[in-house]
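I have placed the structure first, in the form of structure tokens, so that the comments after it can refer back to it.
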There are 2 protein chains.
Amino acid sequence: MFKSRWLLFFVFQSGHKMAKKTTPRPDISTEEKIKEAARKVFTQKGYSATRTRDIATAAGINLALLNYYFRSKQKLFEIIMVEKMQNFFGILIPILDDLTTSLDSKVEHISSNYIDLILANPDLPFFILGEARNNPELIFKVAQRKDFLMNSVFMKQIREKKPELDPLQFLISLLGMCVFPFVMKPVLISMTHMAEPAFKQMMLERKILVPVWLKAILKTKPVIHSR
Amino acid sequence: MFKSRWLLFFVFQSGHKMAKKTTPRPDISTEEKIKEAARKVFTQKGYSATRTRDIATAAGINLALLNYYFRSKQKLFEIIMVEKMQNFFGILIPILDDLTTSLDSKVEHISSNYIDLILANPDLPFFILGEARNNPELIFKVAQRKDFLMNSVFMKQIREKKPELDPLQFLISLLGMCVFPFVMKPVLISMTHMAEPAFKQMMLERKILVPVWLKAILKTKPVIHSR
DNA sequence: AAAATATTTAATCATTTGATTAAACAGAAG
DNA sequence: CTTCTGTTTAATCAAATGATTAAATATTTT
């Protein structure tokens with residue numbers, strides 16, 4: 001058993017599960033139970049506050065199975081992290097690079113889709129933004145090329161409509177409008193009487209507000225920056 | 001020695017340093033060296049990723065001195081956290097509640113002061129927003145009352161100027177415009193060719209853009225939300 | 001059914017980590 | 001100088017934590 005695990009490891013060091021050499025068809029669920037628990041615990045508490053025992057308990061499995069299926073906490077984490085980055089950026093990329101839609105339409109889509117996405121996964125943005133600080137190379141891996149963003153259709157459309165404006169300023173503002181309220185939620189709840197339902201209602205209203213406000217921003221008179 | 005420490009602990013359990021009973025006047029610097037190192041390490045890595053040994057090394061002191069002066073990692077953390085929250089919110093509160101300034105002027109002040117503050121302490125916002133998730137009660141302690149924010153002069157001025165708008169939507173947008181770029185910085189740097197100097201330049205330009213844009217937002221036509 | 005292979009478990013390891021202790025050291029008080 | 005008190009150090013502790021192992025159980029293959 002010891003031998004077979006390591007042999008396989010050297011053959012496929014795919015970072016993937018290393019069991020199931022020939023045909024065996026187990027539950028399929030154990031591995032998925034661990035991943036599901038890992039999604040929950042990692043996104044909630046972040047990498048370094050997460051204990052492998054938390055994941056094992058949440059998954060209802062023996063601790064050793066985590067290492068059996070995923071080799072290490074780090075390897076399991078990377079799988080979840082990549083998955084979550086795809087959730088987070090995957091929704092953005094296609095909209096930004098759509099040749100068939102107007103700038104206004106893109107703003108509407110991003111606002112609406114992003115807010116819905118995060119309402120359904122409230123810990124997602126903070127998790128991504130936090131772990132991006134420790135694993136910048138992982139972010140880079142998901143964003144294929146460093147010039148995709150600046151060369152996207154969206155950015156071109158902004159340059160066309162408002163040439164004096166750094167289009168990155170606009171994109172950051174748009175994302176901030178959608179994402180920041182979630183990042184700030186705990187502070188907000190501690191400092192006001194707002195609770196979960198009111199927060200959700202506010203975010204639903206924001207889906208309408210953000211496009212209106214960003215259109216207004218695009219109509220402002222040029223601001224010239226001194227150098 | 002053992003005895004005197006504990007006696008003092010029960011007399012002043014102020015969470016403060018417990019040495020220096022009679023007169024001795026040491027370096028004064030050891031305690032401060034630890035705090036300074038703790039500021040750096042905690043804000044950079046967060047509570048759970050921080051090792052007391054990291055702090056001791058950064059401070060150039062023996063590990064035991066950390067516990068000698070501050071009892072525990074947790075106690076030291078709370079001191080730093082409160083300090084940092086005062087940095088972060090202390091600049092905001094007086095502006096928000098200033099009876100003598102206009103709404104536009106408040107927006108300008110917040111934009112300018114906040115961006116300058118965070119440029120000088122780039123890890124501050126993420127630290128605060130992150131630890132707020134684990135210690136909501138600490139946030140509440142610094143924000144004196146839960147109704148301060150919603151009753152502030154700033155909020156009244158927004159209600160007056162744009163009665164149909166939830167003033168919280170506006171405040172969150174303003175803060176997001178200033179703070180979110182810093183929260184997002186690592187992602188930004190991984191996904192574009194932007195480096196530190198360009199980021200700083202962008203934030204300086206933002207000090208001008210944010211007030212212009214937020215004034216434009218205040219001039220938009222009312223949006224009525226269906227219920 | 002027997003053999004081979006895969007999965008699961010309980011026990012255990014080695015390291016890390018927050019914290020403590022006892023002794024050495026330093027400076028002020030008597 | 002000696003004593004007292006506060007500071008610093010090196011060694012050590014106990015608990016937590018990521019990981020491994022060997023044995024057990026289950027499943028597939030022959």
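Here is how names work: the chains are called A, B, and so on, in the same order as the sequence lines, proteins then strands, and each is numbered from 1.
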Please state how far atom [atom1] in [X] lies from atom [atom2] in [N], giving the value in whole angstrom units.
| X | N | atom1 | atom2 | answer |
| --- | --- | --- | --- | --- |
| Ile61(B) | dG18(C) | CD1 | P | 13 Å |
| Leu65(B) | dA10(D) | CG | C1' | 12 Å |
| Ile55(B) | dG18(C) | CD1 | P | 8 Å |
| Asn62(B) | dA22(C) | CG | P | 16 Å |
| Asn67(B) | dT12(D) | CG | P | 18 Å |
| Arg51(A) | dA19(D) | CZ | C1' | 15 Å |

- prompt: Honestly, is Lys75(B) close enough over Tyr69(B), meaning NZ or CZ under 6.0 Å from the six-membered ring centre and within 45° of the axis?
  reply: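 Cation-pi check for Lys75(B) and Tyr69(B): fails.
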Does [N] have OP1 or OP2 under 4.0 Å away from a side-chain N or O of [X]?
| X | N | answer |
| --- | --- | --- |
| Thr30(B) | dT8(D) | yes |
| Tyr69(A) | dT8(C) | yes |
| Thr52(A) | dT17(D) | no |
| Ser72(B) | dG18(C) | no |

Of the nucleotides dT20(D), dT9(D), dG18(C), which one has an atom closest to the side chain of Lys73(B)?
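Within the option list, the nearest is dG18(C).
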Taking any heavy-atom pair under 4.0 Å as a contact, classify Leu63(B): base, sugar-phosphate, or nothing.
base
(request) Using a heavy-atom cut-off of under 4.0 Å over every strand shown, decide if Thr50(B) touches base, sugar-phosphate, or nothing. (result) sugar-phosphate
Query raised in the report: Looking at dG18(C), does its base get a donor-acceptor pair with the side chain of Arg53(B) below 3.5 Å?
Result: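 Answer yes: a donor N or O sits under 3.5 Å from an acceptor.
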Heavy-atom count around Lys40(B) NZ within 6.0 Å, excluding the residue itself: above 12?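 Count not over threshold, so no.
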For Pro125(A) and Pro122(A) the tightest heavy-atom approach is CD-O, 3.5 Å
Note to self: Would you say the rings of Phe77(B) and Phe42(B) are close, in the sense that their centroids are separated by under 6.0 Å?
What the structure shows: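 Ring centres of Phe77(B) and Phe42(B) closer than 6.0 Å.
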